[in-house]
Amino acid sequence: MKKIISLFTLTAALMAHALGAAELGQPAAPLKIKEWIKGKSVDLASAKGNQVLVVEFWATWCGPCRTSIPHLTELQKKFKDVGFIGVSDEDAPTVKKFVNKMGDQMDYTVAIDDDRQTSKGYMEAFDQNGIPHAFIVDREGRVVWQGHPMDGLEEALAEVVSGKFDLAKAKKRAGAENLMREFFEAAMEDKDDAKITKLGKELEALDAELGGLTPGRKFSADEVRKSAKFRRLLQEYQLAIRNNKSGTEVGRIEGLLKENAPEGFDLAGFKEAMQLSQTFSEYYMAASGRGSADKLASLGRKLSEVTTTNAMLLNEWAWTILTDERIKTRDYPLATKLAKAAVDASGAKDAGVLDTYARALFDSGKTTEGIEWQKKAVAAAEDNETRAQLGETLKQFQAKTAKQ
């Protein structure tokens, strides 16, 4: 889950949904399954003409996947005639153990991919490599939607089931997303002004035609182009600092950053964050077994003594300590201290920060406090997607507490 809305929300959105060679509307690939772990087997050919399917790719080790599982269960209950299939490429014993532990929270069909053949037909065909990721197959056996299962799946599914889904519009939107990626990449290079201008005008026209390319924001080619230039300057600045470039060179880039920075950008704070990130990098390497283990305690103390008010940085540190799969021993007191500092620095108003603090409390054994802070995180959410994600986490906390 995205923990804090960063300075580059727009540019990240532009690059997040690029499609590969496959296009919406084409026939869905067969389900090549090695073993059905839960529920009855599903045959794509038999479903054609009769049933809408949701094919979702996930893994037991994937944190966002675990968050989306209860949501998929709720959708299965809501859309009783739709077949939901969760496909993992892990070994059967691992998946069986996980599914049994989840119980009713994972109440839909679960299957093991056969040598990643199903993944190749969906994930690779649509040039996707991040999970969880879901595909809707309509009654005609076509892939008509693809994306994160907690970002638009419910709305698209309702339209597909009711027969109101506009495939032509969906294909046009998908093409626009690909065009956005091309535009941003060209703007980052800033070499072909004619091409950039042409792409920008096409995107602005599509934005008006489709009622928005990015939810809640009107697309502006000038704004995105300026954002791309600023991002490029930041990269140059980071390299200059890392390579100990001369003060003159660093000063030149700083001057350009100030000229092109969006409102609210704090150059001093960014520079501080770069330096502090180096400290956390050393801690992370030691905590994940790739650095000097005997320095872990001193690096932990160093982090705990940091006085920065950069809520985003503190939050990311705490979240990494709490959830990163590579960390061998989690320092819950340190994560809790960092998360609380992030809460204080953000005025206890940011849902992502509150979510991290709630998890730190819950995972360290303070379950009642964790649940109360998770409720605050849900209440602070500013959009339905985030509210749903945080709400699922709250349900998981409450379910675990009830079993104790």
Side-chain angles (χ1 to χ4, degrees), residues 1-5 60-71 73-74 98 101-106 150 276 280 283-284 287 296-297 299-404:
M1 182 185 70
K2 191 172 183 181
K3 304 305 295 176
I4 295 181
I5 297 176
T60 62
W61 50 261
C62 166
C65 298
R66 292 195 292 268
T67 299
S68 67
I69 286 170
H71 177 64
T73 296
E74 289 301 316
F98 180 88
K101 185 177 180 181
M102 290 297 293
D104 292 341
Q105 292 186 74
M106 194 174 195
M150 296 185 73
L276 290 174
F280 184 75
Y283 172 84
Y284 177 78
L296 184 59
L299 287 168
R301 285 194 298 272
K302 191 174 181 180
L303 283 177
S304 70
E305 295 167 358
V306 166
T307 58
T308 182
T309 57
N310 188 326
M312 182 174 72
L313 200 64
L314 292 164
N315 185 71
E316 288 298 333
W317 290 353
W319 186 254
T320 300
I321 293 171
L322 291 167
T323 66
D324 192 287
E325 297 286 342
R326 286 163 289 193
I327 289 184
K328 300 182 181 300
T329 303
R330 304 196 188 282
D331 189 336
Y332 291 111
L334 174 59
T336 303
K337 184 174 183 178
L338 293 171
K340 181 58 168 63
V343 168
D344 294 340
S346 62
K349 296 179 180 179
D350 187 288
V353 173
L354 294 170
D355 173 56
T356 301
Y357 184 48
R359 181 172 293 278
L361 291 167
F362 191 89
D363 288 355
S364 60
K366 299 178 181 179
T367 55
T368 301
E369 289 182 63
I371 288 173
E372 291 306 310
W373 279 95
Q374 190 64 29
K375 290 178 180 177
K376 294 179 182 180
V378 174
E382 296 182 353
D383 60 84
N384 292 334
E385 180 192 349
T386 301
R387 191 174 298 109
Q389 290 179 335
L390 299 182
E392 293 296 344
T393 300
L394 175 60
K395 290 178 184 178
Q396 291 173 23
F397 285 177
Q398 291 170 329
K400 288 179 182 178
T401 302
K403 292 180 180 179
Q404 294 177 353

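Positions are given from 1 along the sequence.
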Review point. Which is it for Gln398 and Leu394 under the side-chain contact (heavy atoms from CB on, under 4.5 Å) test, yes or no, and what are the steps along the way?
Key: CA-CA 6 Å; Gln398 291 170 329; Leu394 175 60; 3.8 Å; yes
Review point. Looking at side-chain heavy atoms only, is the closest gap between Glu369 and Glu372 below 4.5 Å?
Key: no
Point to revise | Spacing of Thr329 atom OG1 and Ile321 atom CD1 [to the nearest 0.5 Å] | key: 12.0 Å
Revision key, fill the gap. Here the pair of heavy atoms bringing Leu354 nearest to Ala348 is CD1-O, 3.8 Å
Practice item. Show your working on side-chain contact (heavy atoms from CB on, under 4.5 Å) between Glu392 and Gln105 and close with a plain yes or no. Key: CA-CA 10 Å; Glu392 293 296 344; Gln105 292 186 74; over 6 Å; no
Review point. How about Ile371 and Lys375: do any of their side-chain heavy atoms sit closer than 4.5 Å?
Key: yes
Practice item. Report the distance from atom CD of Glu325 to atom SG of Cys62, rounding to the nearest 0.5 Å. Key: 9.0 Å
**Study point:** Check against side-chain contact (heavy atoms from CB on, under 4.5 Å), Phe362 and Thr393
**Key:** CA-CA 11 Å; Phe362 191 89; Thr393 300; over 6 Å; no
Check your understanding: Any side-chain heavy atom of Leu390 within less than 4.5 Å of one from Gln374?
Key -> yes
**Study point:** N/O donor-acceptor pair under 3.5 Å between Arg330 side chain and Ser364 backbone
**Key:** no
Check your understanding: In Å, rounded to the nearest 0.5 Å, how long is the span from CD of Glu305 to CG of Leu303?
Key -> 9.5 Å
Check your understanding: What heavy-atom pair brings Pro70 and Gln396 nearest, and what distance separates the two atoms?
Key -> CG-NE2, 3.7 Å
Check your understanding: So do Asn310 and Leu276 actually touch side chain to side chain, heavy atoms under 4.5 Å?
Key -> no
Contacts under 3.5 angstrom, residues 332-345 side chains, donor-acceptor by atom type, not counting sequence neighbours:
from: Thr336; atom 1: OG1; to: Tyr332; atom 2: O; distance (Å): 2.8
from: Lys337; atom 1: NZ; to: Ser304; atom 2: O; distance (Å): 3.1
from: Lys340; atom 1: NZ; to: Asp344; atom 2: OD1; distance (Å): 2.8
from: Lys340; atom 1: NZ; to: Asp344; atom 2: OD2; distance (Å): 3.2

Check your understanding: Measuring from Leu314:CG to Met312:CE, what's the distance to the nearest 0.5 Å?
Key -> 10.5 Å
Review point. What pair of heavy atoms forms the shortest contact from Ala358 to Gly370, and how long is it?
Key: CB-O, 3.4 Å
Review point. Would you call the rings of Trp317 and Phe280 parallel, tilted or perpendicular, where under 30° means parallel and over 60° means perpendicular?
Key: parallel
**Study point:** Distance (rounded to the nearest 0.5 Å) between Thr67 OG1 and Met150 CE
**Key:** 7.0 Å
Check your understanding: So, do Arg359 and Trp319 sit near enough that their side-chain heavy atoms are less than 4.5 Å apart?
Key -> yes
Point to revise | Step-by-step side-chain contact (heavy atoms from CB on, under 4.5 Å) determination, Thr73 to Met102 | key: CA-CA 11 Å; Thr73 296; Met102 290 297 293; over 6 Å; no
Revision key, fill the gap. Output for pair (Phe98 CZ, Cys65 SG), nearest 0.5 Å, gives 8.5 Å
